[in-house]
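Report on the structure given below.
Everything numeric here is computed off the predicted structure, so don't read it as measured data. A note on names: the letters A, B, ... follow the listed sequences, proteins ahead of strands, and every chain is numbered from 1.
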There are 2 protein chains.
Amino acid sequence: MPRTTPAPSAVPETAGAFPVTVDVVALTVRDAELHALVVDRLLEPYRGQAALPGGFVLPGETLEQAAARELEEETRLTVPAGATGTGPWHLEQLRTYGPLGRDPRGPVLSVAYLLLAPAFGLPAAGGDAAEARWVPVGDTRAGLAFDHDQILADGVERARAKIEYSPLAAAFCPPEFTVAELRGVYEAVWGTRLDARNFHRKATGTPGFLEPTGRLGGGGPGRPAELFRLAPGVDPSATVLHPPLLRAGAS
Amino acid sequence: MPRTTPAPSAVPETAGAFPVTVDVVALTVRDAELHALVVDRLLEPYRGQAALPGGFVLPGETLEQAAARELEEETRLTVPAGATGTGPWHLEQLRTYGPLGRDPRGPVLSVAYLLLAPAFGLPAAGGDAAEARWVPVGDTRAGLAFDHDQILADGVERARAKIEYSPLAAAFCPPEFTVAELRGVYEAVWGTRLDARNFHRKATGTPGFLEPTGRLGGGGPGRPAELFRLAPGVDPSATVLHPPLLRAGAS
DNA sequence: TCAAAAGTGTTGATATTACACCCATGT
DNA sequence: ACATGGGTGTAATATCAACACTTTTGA
């Protein structure tokens, strides 16, 4: 049946209205490993269990606003406005789950978001919000509330696929970074080892990806590495790298 | 039926409840051109204007069920159950739009689905449902109600990207098809011309894509073509073609 | 026999991979 | 000096793109 509209500005009575949540898969690379942000739930259902940060969408806000608000409330982490654009942050919609069979309270729709961010510290536990912490994605087998294990797995798979053909790996790095740092991101996200020499050539040789800053970075042992930034004017989520940085190229 | 559990704890009062629609981007290839399914709206808002088939999600149904029901109601087209799997049909979630600024009646969330299907006839116009028709995607500039132009564009772009590295192009074909038919799908979806000889080698040479049936098809002029089917046991949405059938390879 | 479409062979250009080798710094 | 990581050169292999050529049918 077509949309039935009793009045020009009403929604049909037969249509259900659904509570809608946003849940955020926030990923970062720490200690050469991919980590996800989880919070410990203070309230029922699943009280005391770990879950993805998220919560109900409020009237009058967009889904992106709700995602940013929930992240900030639960982790004191402020997502820069317009993080869908360039820079060391990236927020994009993942997919929508529900409404049936995923929340003991009843039908709830959840719109999941994926956030890719450079490593950053979290405030010490003990605010009025639940404690937020980073957990290695390999350690999260079947431990999260609701269907959040599935959502996390989908988010990780999305990240793995996207860095292959988009400049999004740079979203895990600070504004200026070395090729080795970038390679560390690929190795952590894919869980593989990459040949440093070939990676360097591919990354620096792919048009529309990296731009040299001219400066040198790093104070560790060995020759200092050149610092790069993301090529100017590229939308990391729209740019397609050619040739791609192939996942198959792992040794 | 609605799974409304009286519940250990209820959804917080502060949380908004949103009407939720599903809208379907149904694509097919007809006359060597990519077409989308649209319906003419019988009711306000946007009465008389073309729109994607879709409508409100009812209590107790899943999003996929709602998408299939709306398609069937508005186009008399029955989506086979489990069309997310193998075969000449493919239904997948596209993304979620809203809730603000997209429906004059107020905040409405829309979960968009993408359906890839072989060409099929539509019932003659004049049922109690709105008339459904195929329109070439090139002809749909800014003509659809709501934000459906954007949703259609997103669906087309998803289809274009996916057939490059997945066997999903076969979802546009009947169960058995020739390499030329398959090439026609790529040409229509990408809007390019492909070299028939190189395409044949790539398509038949890519593991996990095509399986020869041994039979021959076609009664037209020229040498009869071998009939193929999708390789058995492949999930078209999960399989990754290697090497991919590159869009760049268009001549 | 001819037109049309299917399918194979071949070749130069480009990409990938593996690894030898040099460069620049801290200790 | 030497260890450590940064970065370049090069050669074997695979893939891509263009196109000559053969095969198999209908008219």
Side-chain angles (χ1 to χ4, degrees), chain A residues 31-32 163-165 173 176-188 190 192-229 240-251, chain B residues 31-32 163-165 173 176-188 190 192-229 240-251:
Chain A
D31 308 322
I163 63 174
E164 201 163 4
Y165 55 88
C173 297
E176 298 193 352
F177 51 88
T178 66
V179 175
E181 281 181 90
L182 186 67
R183 174 166 48 87
V185 168
Y186 280 90
E187 292 181 336
W190 286 343
T192 59
R193 281 270 149 184
L194 299 173
D195 185 286
R197 299 156 294 187
N198 290 333
F199 182 87
H200 185 279
R201 206 186 344 247
K202 282 220 70 170
T204 56
T206 300
F209 193 7
L210 300 183
E211 190 192 42
T213 65
R215 258 165 307 161
L216 299 178
R223 170 176 170 180
E226 210 177 344
L227 280 172
F228 290 83
R229 68 171 76 87
V240 175
L241 296 184
H242 186 79
L245 287 96
L246 289 179
R247 209 189 312 197
S251 63
Chain B
D31 309 322
I163 63 174
E164 200 164 5
Y165 55 87
C173 296
E176 297 193 350
F177 51 87
T178 66
V179 175
E181 281 182 89
L182 185 67
R183 175 166 48 86
V185 168
Y186 280 90
E187 293 181 334
W190 286 343
T192 59
R193 282 267 146 189
L194 298 173
D195 184 285
R197 300 156 291 188
N198 290 334
F199 182 86
H200 185 278
R201 204 183 349 244
K202 282 219 71 170
T204 56
T206 300
F209 193 7
L210 300 182
E211 190 191 43
T213 65
R215 257 165 308 160
L216 299 178
R223 171 176 170 180
E226 209 178 345
L227 280 172
F228 290 84
R229 68 171 76 88
V240 175
L241 296 185
H242 185 79
L245 287 95
L246 288 180
R247 205 191 313 198
S251 64

Let me have a per-nucleotide readout for nucleotides 9-15 of chain D, 5' to 3', with B, S or -, counting only protein heavy atoms under 4.0 Å.
BB-----

With B for base contact, S for sugar-phosphate-only contact and - for none (protein heavy atoms under 4.0 Å), nucleotides 22-27 of chain C reads -BBB--

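What separates CG of A:L246 from P of C:dT14 is a distance of 18 Å, to the nearest Å. Remark: P of D:dC19 and CG of B:L194 are 15 Å apart, rounded to the nearest angstrom. Here the P atom of nucleotide D:dA17 and the CZ atom of B:R193 are 17 Å apart, to the nearest Å. Atom-to-atom, CG of A:D195 to P of C:dC21 comes out at 16 Å; the value is rounded to the nearest Å. B:E226 places its CD atom 12 Å from the P atom of D:dT24, with the value rounded to the nearest Å. One interatomic measurement links the two molecules: CG of A:L227 to P of D:dG6, which rounds to 12 Å at whole-angstrom precision. Spacing between atom CZ of B:F199 and atom C1' of C:dA5 amounts to 15 Å, rounded to whole angstrom units.
In this structure, A:W190 CH2 and A:E164 CD are separated by 5.0 Å, a value rounded to the nearest 0.5 Å. In this structure, NE2 in B:H200 is found 14.0 Å from CG in B:L194, a value given to the nearest 0.5 Å. With rounding to the nearest 0.5 Å, the separation of CD in A:E181 from CZ in A:F228 is 12.0 Å. Here CG of B:L182 is found 10.5 Å from CD of B:E187. Values are rounded to the nearest 0.5 Å. B:N198 CG to B:R201 CZ: the interatomic distance, rounded to the nearest 0.5 Å, is 5.0 Å.
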Audit row: A:L227, A:L216, side-chain contact (heavy atoms from CB on, under 4.5 Å) steps and yes/no:
CA-CA 5 Å; A:L227 280 172; A:L216 299 178; over 6 Å; no

Under the side-chain contact (heavy atoms from CB on, under 4.5 Å) rule, what do A:V185 and A:F177 come out as? Steps first, then yes or no, please.
CA-CA 11 Å; A:V185 168; A:F177 51 88; over 6 Å; no

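Under 4.0 angstrom from either OP1 or OP2 of D:dG7 there lies at least one side-chain N or O belonging to A:H200.
Using a 4.0 Å heavy-atom criterion, one finds that A:A196 contacts no nucleic acid atom at all.
For A:V179, the listed nucleotide lying nearest its side chain is D:dG7; candidates were D:dG7, D:dC16, C:dC19.
A:E176 meets the salt bridge (Lys or Arg N to Asp or Glu O under 4.0 Å) test with A:R215, A:R229; sequence neighbours excluded.
Put simply, the side chain of A:D195 does not reach to within 4.5 Å of the side chain of A:F199, judged on heavy atoms.
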